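None of these values were measured; they are calculated from a predicted model. Just the heavy atoms: all of them, side chains too, but no hydrogens, waters or symmetry mates, feed the values below.
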Amino acid sequence: MTFKNIYTYGGRPAKRNLTVADIQANKARGLKMTQVDAHTRDEAAMLANLGIDVITIADLDIDEVRAGAPDTFVTGSQTMVQYVSEDEALGAAIRCAERGADAIYTPRGLGVVERLSKEGLAVQGHLGLVPRRSTLVGGLRTIGRTAEEALGLLEDFRRLEDAGAYACEVECVAVEALEAIRDHTNLVTYSIGSGSGGDVIFSFLMDICGDVENSPRHAKAWGDVLSLRKAIAAEQEKAVGGFKSEVTAGSFPDPAHTVSMKPGEKEKFYEALEGWRPLHQ
């Protein structure tokens with residue numbers, strides 16, 4: 001893999017597997033990319049080693065993730081409620097970029113997107129189903145299943161692009177709608193639950209690894225980590241129960257897990273104790 005030399009938003013020289021310009025060029029070429037989330041340096045290192053193109057993270061995890069994946073394109077994500085005002089969102093975005101994030105994701109409105117992009121930040125918005133706004137669209141459902149709704153979604157793409165975003169997470173949109181919209185927007189589309197029409201296919205690590213009880217319909221598991229976690233939990237319960245039981249019964253600690261005094265020293269010690277008096281009374 002060829003890495004590009006860059007300066008971070010914080011002014012530090014660095015290398016990256018991708019730049020924003022590369023991601024946009026890949027969109028134009030029709031080259032599919034991948035995005036997975038990470039929270040720890042070990043997760044980030046694994047994703048980087050396996051060639052995942054983009055890692056999305058909680059913005060507060062930037063230092064931990066950068067330690068594990070120093071050269072991978074990272075998007076620092078803000079939640080809907082972390083930062084109330086545009087000034088707070090901007091300040092947090094700048095701090096995250098200063099510490100090594102290459103782009104900032106926000107599910108907030110166009111005002112926040114425009115404020116961040118005007119400072120030279122690469123901004124990713126969110127269209128389609130925004131789960132925390134699901135009450136406005138009648139609950140958790142697929143967006144764009146009718147021509148009218150798909151046309152409205154296309155208008156949302158145009159407005160987001162006009163606000164200065166370079167990319168958009170597209171969640172739970174009808175497959176045909178995203179396939180058509182993709183060719184009518186310059187936004188890089190990150191598809192989650194919206195089919196293969198996205199430029200970047202996004203899935204959560206817990207879904208990929210089979211680490212949840214009930215995955216959404218669009219998620220696929222290539223592993224069964226949940227069964228391993230349940231087995232570990234059961235083994236922990238067995239072990240702690242054994243510890244409690246043996247301590248209560250007085251059978252632990254036992255001679256196999258303790259160290260005795262040297263031969264003859266116990267008798268000397270006990271004899272000395274009989275005449276022992278504290279120095280200060």
Side-chain angles (χ1 to χ4, degrees), residues 1 3-4 14-20 22-24 26-27 30-79 96-97 99-107 122-131 165-173 178 182 187-229:
M1 178 183 294
F3 290 90
K4 299 289 184 69
K15 293 183 182 296
R16 291 290 185 269
N17 64 322
L18 292 168
T19 64
V20 168
D22 292 327
I23 293 172
Q24 292 170 327
N26 286 347
K27 170 188 173 70
L31 180 63
K32 296 296 180 183
M33 295 163 282
T34 54
Q35 176 179 266
V36 181
D37 65 313
H39 298 275
T40 69
R41 70 182 63 197
D42 288 342
E43 291 175 349
M46 175 189 66
L47 298 180
N49 291 336
L50 291 173
I52 294 300
D53 299 294
V54 178
I55 300 175
T56 183
I57 68 168
D59 62 349
L60 299 179
D61 292 335
I62 180 63
D63 294 331
E64 180 74 5
V65 170
R66 265 290 166 239
D71 303 325
T72 300
F73 190 100
V74 166
T75 299
S77 299
Q78 300 182 355
T79 70
C96 189
R99 287 151 55 196
D102 302 293
I104 301 296
Y105 160 89
T106 176
V123 184
Q124 180 187 131
H126 191 138
L127 292 176
L129 176 67
V130 183
Y166 96 95
C168 180
E169 180 176 323
V170 186
E171 184 166 358
C172 294
V173 165
L178 179 56
R182 179 192 175 280
L187 292 172
V188 175
T189 55
Y190 285 70
S191 171
I192 180 167
S194 302
S196 60
D199 305 304
V200 183
I201 306 304
F202 171 32
S203 191
F204 286 104
L205 185 61
M206 66 174 62
D207 291 326
I208 292 171
C209 296
D211 199 11
V212 289
E213 288 282 0
N214 298 300
S215 293
R217 178 179 176 178
H218 59 260
K220 179 178 177 179
W222 286 264
D224 189 11
V225 171
L226 184 60
S227 292
L228 297 176
R229 290 192 190 279

Chemist: Which pair of heavy atoms, one from Ser194 and one from Glu171, lies closest together, and at what distance?
Modeler: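 Taking Ser194 first and Glu171 second, the nearest heavy atoms are OG-C, 3.5 Å.
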Chemist: Regarding Asp63 and Arg99, does a basic nitrogen lie under 4.0 Å from an acidic carboxylate oxygen?
Modeler: yes
Chemist: For the residue pair Leu18 and Asn26, establish whether any side-chain heavy-atom pair is separated by less than 4.5 Å.
Modeler: yes
Chemist: For the pair Ile55 and Gln35, evaluate side chain to side chain contact (heavy atoms under 4.5 Å, CB included) and give the outcome as yes or no after the intermediate values.
Modeler: CA-CA 6 Å; Ile55 300 175; Gln35 176 179 266; over 6 Å; no
Chemist: Output yes when a side-chain donor or acceptor of Asn17 lies under 3.5 Å from a complementary backbone atom of Phe73, and no otherwise.
Modeler: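 The answer is yes, because a donor-acceptor pair under 3.5 Å joins these two groups.
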Chemist: For the atom pair CZ (Phe3) and CZ (Arg16), what is the distance rounded to the nearest 0.5 Å?
Modeler: 10.0 Å
Chemist: Report yes or no: does Ser191 contribute a side-chain atom to a donor-acceptor pair with the main-chain N or O of Gly198 at less than 3.5 Å?
Modeler: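 Answer holds: no.
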Chemist: Can you see which heavy atom on Ala69 is nearest to which on Ala44, and at what distance?
Modeler: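 What the structure gives for the nearest pair is CB-O, 3.7 Å.
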Chemist: For Ala165 and Leu187, which heavy atoms make the closest approach, and how far apart are they?
Modeler: O-CD2, 3.3 Å
Chemist: Is it true that, when you exclude Met46 itself, more than 12 heavy atoms of the residues, nucleotides or ligands shown sit nearer than 6.0 Å to its CE?
Modeler: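 Enclosed.
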Chemist: Write down the atom of Val20, the atom of Tyr166, and the distance for their closest heavy-atom approach.
Modeler: CG1-CD1, 3.8 Å
Chemist: Does some side-chain heavy atom of Glu43 sit less than 4.5 Å from a side-chain heavy atom of Leu205?
Modeler: yes
Chemist: How many angstroms lie between CG in Asp207 and CD1 in Ile192, if you round to the nearest 0.5 Å?
Modeler: 7.0 Å
Chemist: Do the non-hydrogen side-chain atoms of Cys96 and Ile104 ever get within less than 4.5 Å of each other?
Modeler: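 Yes, close enough: below the 4.5 Å cut-off.
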Chemist: Would Arg66 and Asp102 pass as an ion pair if we require N to O under 4.0 Å?
Modeler: yes
Chemist: Calculate, to the nearest 0.5 Å, the distance between atoms SG and NE2 belonging to Cys172 and His218 respectively.
Modeler: 5.0 Å
Chemist: Answer yes or no: is there a donor N or O on one side and an acceptor on the other, between the side chain of Lys15 and the main chain of Thr72, under 3.5 Å?
Modeler: no
Chemist: Counting N and O atoms only, with roles assigned by atom type, does the side chain of Lys27 sit under 3.5 Å from a partner on the main chain of Arg182, one being a donor and the other an acceptor?
Modeler: yes
Chemist: Side chains of Thr56 and Thr75: donor-acceptor distance under 3.5 Å anywhere?
Modeler: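 There is no such pair between these side chains.
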Chemist: Any luck finding a side-chain donor-acceptor pair between His39 and Glu64 under 3.5 Å?
Modeler: no
Chemist: Can you spot which of Val65, Thr40, Asp37 makes a side chain to side chain contact (heavy atoms under 4.5 Å, CB included) with Ile57?
Modeler: Val65
Chemist: Kindly indicate, with the supporting measurements, whether the criterion side chain to side chain contact (heavy atoms under 4.5 Å, CB included) is fulfilled by Ile23 and Val54.
Modeler: CA-CA 10 Å; Ile23 293 172; Val54 178; 4.2 Å; yes
Chemist: Please report the shortest heavy-atom distance between Gly195 and Ile201, naming the atom on each side.
Modeler: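 Between these two residues, the closest heavy atoms are O-CD1, 3.8 Å.
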Chemist: So which heavy atom on Ala38 is nearest to which on Leu47, and how close?
Modeler: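 Taking Ala38 first and Leu47 second, the nearest heavy atoms are CB-CD1, 3.9 Å.
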Chemist: Which distance, rounded to the nearest 0.5 Å, do you find between the OH of Tyr105 and the SG of Cys168?
Modeler: 8.5 Å
Chemist: Does one side chain, of Asp199 or Thr189, offer a donor that lies under 3.5 Å from an acceptor on the other?
Modeler: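 The criterion, which ignores hydrogens and geometry beyond distance, is satisfied for Thr189 and Asp199.
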Chemist: Hey, is Asp22 close enough to Lys4 for a salt bridge, meaning N to O under 4.0 Å?
Modeler: yes
Chemist: Side-chain donor-acceptor pair under 3.5 Å between Asp53 and Thr34, yes or no?
Modeler: yes
